[in-house]
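Throughout, a chain's letter reflects where its sequence line sits, starting with A, and its residues are numbered from 1. Values below: every heavy atom of this structure, side chains too, minus hydrogens, waters and symmetry copies.
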Amino acid sequence: MTPDQLSATIVAALNALNEAGTVRLPDGVPDTVVVERPRSKEHGDYATNVALQLGKKAGLNPREFAQLLADQLAGADGIAGVDIAGPGFLNITVEAGAQGILAAQIVSAGSTYGSSDAFASEKINLEFVSANPTGPIHLGGTRWAAVGDALGRIFSFSGAAVTREYYFNDHGAQIDRFARSLLASAKGEPTPEDGYGGQYIEDIANDVRKAQPDVLDLPEAEAQEVFRSVGVDLMFTEIKKTLHDFGVDFDVYFHENDLHESGAVAKAIQRLTELGNTYEKDGALWLASEKYGDDKDRVIIKSDGEGAYLSGDLAYYLNKRERGFDRCLIMLGADHHGYVGRLNAMCACFGDVPGVNLEILIGQMVNLLSEGAPVRMSKRSGTVITLEDLVEAIGVDAARYALARYTSDTNIDIDLGLWTRASSENPVFYVQYAHARLASILRNAADLGVISADRSLRSLLDQPGGFDPALLAHEKEGDLLRALAEFPRVVTAAAQLREPHRVARYLEDTAASFHKFYDSCRVLPMGDEEPGPIHVARLLLVEATRTVIANGLGLLGVSAPDRM
RNA sequence: GCCCCCGUAGCUCAGGGGAUAGAGCGCCGCCCUCCGGAGGCGGAAGCGUAGGUUCGAAUCCUACCGGGGGCACCA
């Protein structure tokens with residue numbers, strides 16, 4: 001009995017009441033009802049507020065409505081008891097057997113447990129990181145790498161067709177500054193005032209010289225061009241590798257330069273002009289974005305004839321839509337929040353719906369503290385805190401987990417000393433430890449011959465009488481089963497709300513439920529005890545729990561170790 | 001001045017209208033004869049302020065106070 005099944009049972013009961021004329025619901029019976037886990041044990045296994053919602057519509061007070069529904073529900077399959085409490089809550093107790101069967105269902109579903117087709121009709125383009133190829137990925141980009149990739153996994157798990165995309169800004173003034181910085185470094189000159197500093201500039205400049213030893217003998221402009229093209233290439237290769245090592249691979253690396261060279265920008269502008277959303281003023285071409293909610297109209301083509309930065313975004317968005325993406329998600333740092341209005345307005349200028357066809361997700365800043373003092377993270381200052389720094393300090397698993405376990409719309413402070421000194425304080429270890437402990441129990445079960453050496457529990461499911469779900473009747477077993485039953489809902493909510501951190505928090509709760517179960521319920525036979533049905537039942541629960549934790553960690557891109 | 005995000009326990013944070021607001025860390029006190037004590041059990045301690053909507057608000061709305069970030073024919 002999962003919450004979804006219980007919801008369906010309640011809906012069926014409501015329909016029966018409605019059809020019998022016992023209650024009259026003018027708006028009909030809803031497709032689903034809210035079923036939640038009450039905070040307090042006294043309120044049963046599950047509670048629903050449906051009587052509070054529908055009582056008034058039926059012309060009854062909520063408690064009367066609740067009583068009618070409770071009577072109807074009392075005889076339903078899998079329901080052990082129904083109580084009415086407070087203003088009209090229905091507190092429902094589920095039969096142990098109906099609940100225990102979930103363990104078998106999870107084991108049988110394996111790595112697919114928690115997946116759904118909730119997003120099956122959606123083709124989603126997920127753009128994140130998109131760091132400029134002028135330096136390593138800093139912490140803001142690292143946060144999006146962890147969160148965006150997790151979100152992509154969650155969408156896919158929920159049935160969506162997801163394309164992960166990286167927009168590569170290889171066009172514009174910052175690239176020139178990058179090239180000049182490399183050239184200056186190679187010549188042993190100081191960093192240009194508006195240039196990029198730091199060790200990586202020196203490293204890349206050296207690599208460019210290795211690739212083309214005579215580069216400094218070329219005329220200045222040609223040399224700079226070599227540093228530009230080779231340097232950007234090297235930088236980009238490095239970024240790709242860093243992300244790959246972080247467990248993040250993109251399906252598409254989109255080059256801004258291509259938009260300008262292919263005529264896509266001109267095409268987008270033409271389209272907007274046809275729609276009557278551009279005009280000329282002061283020698284420049286403007287986008288009439290103010291009428292769609294932007295603070296003011298924006299320049300697309302500057303008076304010097306160059307495309308403004310926005311022109312690339314226009315063409316890029318149109319390109320995504322032409323590739324068939326109904327939903328284009330773009331993840332940006334809080335320092336870009338000023339773009340949200342104009343990007344949404346741009347979307348509207350194309351005749352699309354902001355928030356539907358284009359969705360901008362803003363992630364707040366990540367701050368690093370060292371010895372309690374803030375560390376600046378600026379490419380330009382050279383005191384760059386990079387993805388690699390973070391991984392080196394705490395490892396990929398801890399880094400991904402730490403960045404993904406918070407909502408994106410809150411600032412995070414990470415104290416380097418704390419993370420490096422006390423890794424056991426990191427919640428990821430709590431969850432991974434639970435997985436290792438679960439795996440260890442299964443190893444031991446195999447050693448004792450309770451299950452086959454390959455630790456397969458599916459064979460137990462096929463044997464008649466191999467698994468008696470009613471044996472999982474202990475309070476802690478019920479708690480754990482109800483926690484496991486939540487997983488599909490958590491995944492769906494994480495996808496709908498674009499909040500991967502829900503999965504992490506859920507895993508921490510579930511790991512806690514497991515540790516409590518483990519503390520009160522002996523899984524393996526003790527001493528000379530013969531293995532019996534209770535051991536089989538609990539082993540299935542162990543494997544079900546291990547499956548959920550492994551699936552959840554997988555959604556976050558964090559490993560689920562069998563040993564630690 | 002305008003815009004965005006945040007304000008929940010000593011600290012770091014969960015809580016997408018429901019009942020007695022949770023977790024980790026820290027603090028106090030307990031629990032190892034056998035499956036991993038990297039664990040479990042108990043205790044002290046909290047929704048920035050003021051209004052509003054609602055049967056019901058940490059959650060939605062408004063104002064104010066506090067913290068962070070942003071407001072280019074830069075990219």
Contact class for Ile362(A) vs. all strands (heavy atom < 4.0 Å): base, sugar-phosphate, or nothing? nothing
Within the structure provided, determine whether Thr134(A) and Arg177(A) are in side-chain contact (heavy-atom separation under 4.5 Å). no
Pair of N/O donor and acceptor under 3.5 Å linking C5(B) base with His337(A) side chain: no
Any side-chain N or O of Lys41(A) under 4.0 Å from OP1/OP2 of A19(B)? no
Rounded to the nearest Å, what distance is computed from the CD atom of residue Gln364(A) to the P atom of nucleotide C13(B)? 13 Å
Just to be sure I understand the rule, does Gly172(A) reach a base, reach only the sugar-phosphate, or reach nothing, if contact means heavy atoms closer than 4.0 Å? sugar-phosphate
If we take the P atom in both G48(B) and G16(B), what is their distance in whole Å? 15 Å
Can you tell me the distance, in whole Å, between the CG atom of Asp409(A) and the P atom of C6(B)? 5 Å
Charged N to carboxylate O under 4.0 angstrom, Asp45(A) versus Arg37(A)? no
Give a yes or no on whether a salt bridge exists between Arg489(A) and Asp4(A), defined as a side-chain N under 4.0 angstrom from a carboxylate O. no
d(CG, Asp519(A); C1', C34(B)) in whole Å: 14 Å
Any base atoms under 4.0 Å from Ile300(A), or only sugar-phosphate, or nothing? Heavy atoms, all strands. nothing
Looking at every strand, decide which applies to Asp562(A) at a 4.0 Å heavy-atom threshold: base, sugar-phosphate, or nothing. base
Given G40(B), C13(B), G36(B), which nucleotide is nearest the side-chain atoms of Tyr430(A)? G40(B)
Near-ring test His501(A)/Tyr406(A), centroid separation under 6.0 angstrom: no
Under 5.5 Å between ring centres and under 30° between planes: does that hold for Phe89(A) against the base of A19(B)? yes
Spacing between Arg39(A) atom CZ and G18(B) atom P, to the nearest angstrom: 8 Å
Sorted by position of nearest nucleotide on RNA chain B, 5' first, the leading residue of Ala511(A) and Thr48(A) is Thr48(A)
Would you call Glu486(A) and Pro3(A) a side-chain contact if the rule is heavy atoms closer than 4.5 Å? yes
Need the glycosidic conformation of C41(B): syn if within 90° of 0, anti if not. Which one? anti
I want to check something: taking the side chain as every heavy atom from C-beta on, are Val232(A) and Phe227(A) in contact at a cut-off of under 4.5 Å? no
Centroid distance under 5.5 Å and plane angle under 30°, His43(A) vs A19(B): yes
U12(B) pairs with, by Watson-Crick or G-U criteria that keep both distances under 3.5 Å: A23(B)
Could you tell me whether Thr407(A) contacts a base, only the sugar-phosphate backbone, or nothing, with contacts defined as non-hydrogen atoms closer than 4.0 Å? sugar-phosphate
What contact category does Gln432(A) fall into here, base, sugar-phosphate, or nothing, at under 4.0 angstrom with non-hydrogen atoms? nothing
Which of the following nucleotides, C74(B), C13(B), G36(B), is nearest to the side chain of Lys302(A)? C74(B)
Counter-base of G56(B), judged by Watson-Crick or G-U geometry with both distances under 3.5 Å: none
His501(A) side-chain proximity, nearest of A14(B), G36(B), U20(B): A14(B)
Roughly how far apart are Leu457(A) CG and Leu442(A) CG, rounded to 0.5 Å? 6.0 Å
Applying a 3.5 Å limit to both distances, which nucleotide forms a Watson-Crick or G-U wobble pair with C71(B)? G1(B)
Looking across every strand, which nucleic acid part, if any, lies under 4.0 Å from Ala436(A) by heavy atom: base, sugar-phosphate, or nothing? base
Separation of the C1' atoms in C27(B) and U33(B), to the nearest angstrom: 32 Å
Using a heavy-atom cut-off of 4.0 Å across all strands, would you classify Arg502(A) as base, sugar-phosphate, or nothing? base
From C-beta outward on Glu499(A), which listed nucleotide comes closest to its side chain: G18(B), G15(B), A14(B)? G15(B)
Any strand is fair game: report the nucleotide pairing with U62(B) by Watson-Crick or G-U wobble, both distances under 3.5 Å, or none. A50(B)
Pick the C1' atom in A44(B) and in G26(B), then give their distance to the nearest Å. 13 Å
Write down the distance separating the P atoms in G40(B) and G24(B), rounded off to the nearest Å. 7 Å
Nearest-angstrom distance, P atom, G7(B) to U12(B): 12 Å
Could you check whether Asp295(A) gets within reach of a base, just the sugar-phosphate, or nothing at all, counting any heavy atom under 4.0 Å? nothing
Taking only the side-chain heavy atoms of Ala493(A) (C-beta and beyond), determine which of G36(B), G69(B), G16(B) contains the nearest atom. G16(B)
When all nucleic acid strands are considered with a 4.0 Å heavy-atom cut-off, which category describes Arg563(A): base, sugar-phosphate, or nothing? base
What's Asn411(A) touching, base or sugar-phosphate or nothing? Going by heavy atoms closer than 4.0 Å. sugar-phosphate
Report yes if a donor N or O on one partner sits less than 3.5 Å from an acceptor N or O on the other, where the partners are the side chain of Ser303(A) and the base of C73(B); otherwise report no. yes
I need the CZ-C1' distance between Arg443(A) and G36(B), as an integer number of Å. 9 Å
Can you work out whether Ile441(A) or Ala85(A) has the more 5'-proximal nearest nucleotide on RNA chain B? Ala85(A)
Can you check whether Tyr433(A) and His515(A) have ring centres sitting under 6.0 Å from each other? yes
Stacking between Tyr406(A) and C13(B), defined as ring centres under 5.5 angstrom apart with planes under 30°, is that present or not? no
By the 4.0 Å heavy-atom rule, please label Arg505(A) as base, sugar-phosphate, or nothing. sugar-phosphate
Given atom NZ of Lys56(A) and atom P of G17(B), what is their separation to the nearest angstrom? 18 Å
Side chain of Asn49(A), base of G18(B): donor and acceptor closer than 3.5 Å? yes
Rounding to a whole Å, what distance do you find between Leu540(A):CG and C35(B):P? 22 Å
Rounded to the Å, how far apart are Leu524(A) CG and U33(B) C1'? 17 Å
Would you mind pulling out the nucleotide paired to A44(B), Watson-Crick or G-U wobble, both distances under 3.5 Å? none
On a plain distance test, is the side chain of Asn91(A) in donor-acceptor contact with the base of A19(B) below 3.5 Å? yes
NZ/NE/NH1/NH2 to OD/OE distance under 4.0 Å, Glu290(A) and Arg298(A): no
Between U59(B) and C47(B), how far is it from one C1' atom to the other, in whole Å? 10 Å
